[in-house]
Protein chains: 4
Amino acid sequence: MTPEKPLTARQAAAEQTRRKLLEAALAEFSRRPYAEVTVSDIARAAGVAHGLVSHHFQGKQGAYVAAVAEVYEQLREAEEAEQPAAVPERIRARFRGFVTFLAAHPDLALNLVLIGGRDEAFAGLRSRNLRVLAGLLGLDPDRPAVAAALRSFADGAERLTADWLRDDRPFELPALVEAFCALLAGALRGAHELDPALDVTKALARL
Amino acid sequence: MTPEKPLTARQAAAEQTRRKLLEAALAEFSRRPYAEVTVSDIARAAGVAHGLVSHHFQGKQGAYVAAVAEVYEQLREAEEAEQPAAVPERIRARFRGFVTFLAAHPDLALNLVLIGGRDEAFAGLRSRNLRVLAGLLGLDPDRPAVAAALRSFADGAERLTADWLRDDRPFELPALVEAFCALLAGALRGAHELDPALDVTKALARL
Amino acid sequence: MTPEKPLTARQAAAEQTRRKLLEAALAEFSRRPYAEVTVSDIARAAGVAHGLVSHHFQGKQGAYVAAVAEVYEQLREAEEAEQPAAVPERIRARFRGFVTFLAAHPDLALNLVLIGGRDEAFAGLRSRNLRVLAGLLGLDPDRPAVAAALRSFADGAERLTADWLRDDRPFELPALVEAFCALLAGALRGAHELDPALDVTKALARL
Amino acid sequence: MTPEKPLTARQAAAEQTRRKLLEAALAEFSRRPYAEVTVSDIARAAGVAHGLVSHHFQGKQGAYVAAVAEVYEQLREAEEAEQPAAVPERIRARFRGFVTFLAAHPDLALNLVLIGGRDEAFAGLRSRNLRVLAGLLGLDPDRPAVAAALRSFADGAERLTADWLRDDRPFELPALVEAFCALLAGALRGAHELDPALDVTKALARL
DNA sequence: GATGAATGAGTCTTCATTCAT
DNA sequence: GATGAATGAAGACTCATTCAT
């Protein structure tokens with residue numbers, strides 16, 4: 001799609017400007033709600049003219065979407081960094097990746113993912129993550145009770161992470177990951193309450 | 001000095017106008033984010049001049065705060081409507097009250113409480129609710145692991161409720177309440193992971 | 001015109017309210033420019049409902065005019081308090097009255113009279129005062145050079161008074177009054193420059 | 001870093017717009033009090049969008065301050081246009097410059113300088129002018145009696161000018177200047193009344 | 001590609017005035 | 001006569017977007 005290598009110096013410079021803007025947008029949107037970020041804030045943070053935001057992203061909204069997509073990608077990479085063989089360990093590795101990534105970007109964590117996370121732009125990210133998790137657990141992510149349980153788990157886990165970051169990491173990372181698992185187990189048992197026909201014992205066993 | 005109830009017809013009329021504005025504000029803020037609601041929207045919805053928003057609430061921000069306080073109070077009342085004797089039943093009654101109230105005000109539920117709920121204005125509401133719950137479970141709400149667990153449960157439960165409303169109530173209310181309990185149990189087990197010195201068996205028994 | 005004695009208790013009460021408003025208006029307009037005073041400020045200072053300003057003075061502008069007229073009258077009385085026989089002493093008595101009155105009402109002095117004094121509402125006051133002064137000096141106040149000289153003297157003298165008040169009365173009152181006279185003498189000599197046909201020697205002799 | 005003169009045509013155009021706005025602001029503020037001038041008035045007079053007032057001057061207040069500073073500078077230049085050798089002639093040249101400048105800008109004269117002149121923004125201008133005058137007279141401008149006398153003279157002279165303009169210049173310019181001098185002499189004699197230790201004979205001789 | 005001047009729609013807020021009670 | 005709720009005009013300011021250079 002995009003040419004693999006910038007052809008001209010000019011294109012390279014343009015691409016660099018785009019990156020600066022993207023990162024500036026990420027930082028700004030991480031710090032306060034969409035409506036409180038101005039295009040000029042972003043441009044100033046990037047050190048370029050504000051007109052460039054429209055130039056590169058077709059407006060403020062576009063910059064926001066691009067920023068969200070960027071987090072999406074970074075977060076996905078973090079979660080897939082380790083790929084142990086055994087399922088329980090794999091799940092824990094994903095949780096570790098998630099927490100570790102957010103710990104490295106606390107502003108982003110507290111606002112874009114954990115708060116802003118409720119908005120549409122993140123639907124894709126969350127849904128995809130939960131499908132992977134369902135896969136690891138051997139559950140059908142399209143089954144309503146499963147989807148509901150996983151989403152409620154996700155919100156609970158994000159809150160846990162947000163508080164953990166806000167309170168300066170009062171617990172050890174492994175304990176936090178185990179708490180994730182306990183919460184997930186509870187969510188799965190809840191799924192069974194919602195849909196008694198759903199067997200969650202195997203899934204629980206994989207935790 | 002000032003009597004508790006408006007004495008004159010004019011004061012009553014003013015109070016009624018205030019209520020109309022308050023409800024209009026509640027409705028508008030329930031439908032879209034703060035920044036997308038205009039003062040004129042609220043006044044128009046209430047059928048009065050826009051100047052009255054400032055007159056009664058000292059500006060848009062004041063109207064928002066008043067709206068949040070209003071939900072707070074209504075929700076509190078809904079949760080305390082039933083007061084069965086036994087703890088397990090009492091917890092379930094609160095959950096039922098919560099879900100039922102939000103089911104009756106879906107816009108409000110999906111935006112003000114479940115989304116906007118992340119903002120400062122709701123800190124009091126949430127904190128108070130969770131302290132009550134801790135009390136019912138015999139846990140110390142100030143213990144970090146307990147607080148963390150309860151908050152993560154709360155977010156998970158809210159997500160469950162939001163999805164349930166969004167998807168047109170795909171489960172029965174009692175099943176949903178039991179799923180809440182299962183999620184809460186998971187969260188408590190997670191608290192034990194975070195703080196092994198914490199004994200949650202008694203609390204689990206009360207569920 | 002106005003009945004000499006209020007007929008009913010109601011009328012007496014109304015008159016009292018009017019006075020409270022008038023004095024409040026005086027105080028407020030003394031403290032900051034017209035545009036920065038609100039009708040509510042005045043009403044609040046008077047301890048009555050803001051609607052009464054329109055009721056008693058037909059609006060903000062009317063309250064301002066009434067306040068100015070009030071100062072006018074008070075100032076006139078102060079200047080005419082003493083009426084010595086000899087002209088030089090009479091002139092000095094007027095100056096003393098002027099300064100003393102303003103010293104007793106510094107806010108009013110610094111804003112309404114000395115600053116606001118430039119606006120139309122004070123035209124009457126100033127013009128009348130200067131006509132009296134011209135009379136004492138045996139000059140025709142309608143002669144352009146005389147009018148110009150007296151007005152320039154008046155502004156200079158007001159500035160002198162304003163500074164004197166602002167700087168906490170750095171000079172003795174009699175010295176200040178003599179300085180007024182010296183300034184007036186200079187102004188009269190200036191009048192002669194403007195209109196060589198004008199004889200000011202007699203006037204100067206009366207100083 | 002930044003070159004002293006705009007390099008590009010665009011910067012020149014922007015500067016020109018700024019000038020148009022500045023002059024429009026000057027004209028508007030000259031015609032009526034601050035509170036009665038709207039940002040849109042200024043923009044309309046300049047033939048540009050109202051947003052530019054904030055763009056170039058950071059709001060209405062900023063435009064006002066810039067306008068005042070502009071008058072300040074123009075007036076200073078007018079007063080220093082001629083620099084005769086002898087002191088008496090030099091003083092008269094300054095007076096001529098002052099009157100001539102204001103005669104060329106009557107609106108500005110009657111409102112911004114002679115009326116608005118009482119506000120803070122003009123403190124610098126007046127103070128500086130009077131210090132120059134004190135220097136020419138060989139007086140210490142910081143001595144209270146001197147400062148008071150000069151300020152009272154200044155107000156008197158401004159009134160003289162304002163009336164002269166308002167009445168369509170009923171006297172010849174040289175006569176007006178001599179009247180200034182006579183008024184100044186009176187003010188200096190007044191200074192001696194205020195502070196008998198102050199010797200003003202030399203200063204009077206320089207007039 | 002980059003700049004930032006220019007535009008103008010959109011908002012909140014203030015406030016004098018009216019008027020029903 | 002007094003109250004203060006209600007009205008709505010008016011104004012300052014912000015800011016996303018456009019576009020000439």
Side-chain angles (χ1 to χ4, degrees), chain A residues 8-18 35-43 48-56 58-63, chain B residues 8-18 21 35-43 48-56 58-61 63, chain C residues 8-18 35-43 48-56 58-63, chain D residues 8-18 21 35-43 48-56 58-61 63:
Chain A
T8 71
R10 204 176 191 189
Q11 284 172 332
E15 177 54 26
Q16 201 179 0
T17 300
R18 206 193 116 94
E36 286 175 31
V37 173
T38 71
V39 168
S40 291
D41 288 339
I42 298 172
V48 301
H50 65 261
L52 286 184
V53 172
S54 281
H55 193 285
H56 282 292
Q58 288 84 265
K60 180 181 176 182
Q61 187 71 35
Chain B
T8 72
R10 290 194 67 219
Q11 282 172 326
E15 179 54 27
Q16 203 180 0
T17 301
R18 207 194 115 96
L21 274 169
E36 284 175 32
V37 173
T38 73
V39 166
S40 292
D41 288 339
I42 298 172
V48 298
H50 66 264
L52 281 186
V53 172
S54 279
H55 190 275
H56 284 292
Q58 287 88 256
K60 181 182 177 182
Q61 186 74 34
Chain C
T8 70
R10 205 176 190 189
Q11 282 173 334
E15 177 55 26
Q16 203 181 359
T17 300
R18 206 193 117 95
E36 285 176 31
V37 172
T38 71
V39 167
S40 291
D41 288 338
I42 298 172
V48 300
H50 65 263
L52 286 183
V53 172
S54 281
H55 193 285
H56 282 292
Q58 286 85 271
K60 181 183 176 180
Q61 185 72 35
Chain D
T8 72
R10 288 193 70 220
Q11 283 172 326
E15 179 55 27
Q16 203 179 0
T17 300
R18 207 193 115 97
L21 275 169
E36 286 175 30
V37 173
T38 73
V39 167
S40 292
D41 288 338
I42 297 172
V48 299
H50 66 262
L52 280 186
V53 172
S54 279
H55 190 276
H56 282 293
Q58 286 88 254
K60 181 182 175 181
Q61 185 75 36

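All values below come from the heavy atoms of this structure, side chains included, with hydrogens, waters and symmetry mates left out. Proteins come first, then strands; the chains are lettered A, B, ... in the order of their sequence lines, and each starts at number 1.
Between C:A35 and D:A35 the shortest heavy-atom distance is CB-CB, 3.3 Å. Pairing each heavy atom of A:H50 with each of A:V39, the nearest pair is O-CG1, 3.7 Å. The nearest pair of heavy atoms linking C:H56 to C:A14 is CE1-O, 3.7 Å. Here the shortest heavy-atom pairing between A:A63 and A:V53 reads CB-CG1, 4.1 Å.
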Inset, instruction - Take nucleotides 10-15 of chain F nucleotide by nucleotide from the 5' end and write B, S or -, depending on whether a protein heavy atom sits under 4.0 Å from the base, only from the sugar-phosphate, or from neither. - result: -SSBBS
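In 5' to 3' order, the nucleotides of DNA chain E bounding all contacts with chain B (an atom under 4.0 Å from a heavy atom) are E:dT11 to E:dT21.
For DNA chain F, each stem of at least three Watson-Crick or G-U pairs (distances under 3.5 Å) is given as range with range: E:2-21 with F:2-21.
B:H55 is linked by a side-chain contact (heavy atoms from CB on, under 4.5 Å) to B:L52, counting only residues two or more places apart in sequence or in another chain. Taking C:E36 as the reference, C:R32, C:P33 meet the side-chain contact (heavy atoms from CB on, under 4.5 Å) condition, with sequence neighbours excluded. A search for side chain to side chain donor-acceptor pair (under 3.5 Å) contacts involving C:T38 returns C:D41, not counting sequence neighbours.
C:V48 comes within 4.0 angstrom of sugar-phosphate atoms only, judged by non-hydrogen atoms across all strands, and of no base.
Nearest-nucleotide mapping onto DNA chain F: of C:A13 and B:H56, the residue sitting toward the 5' end is C:A13.
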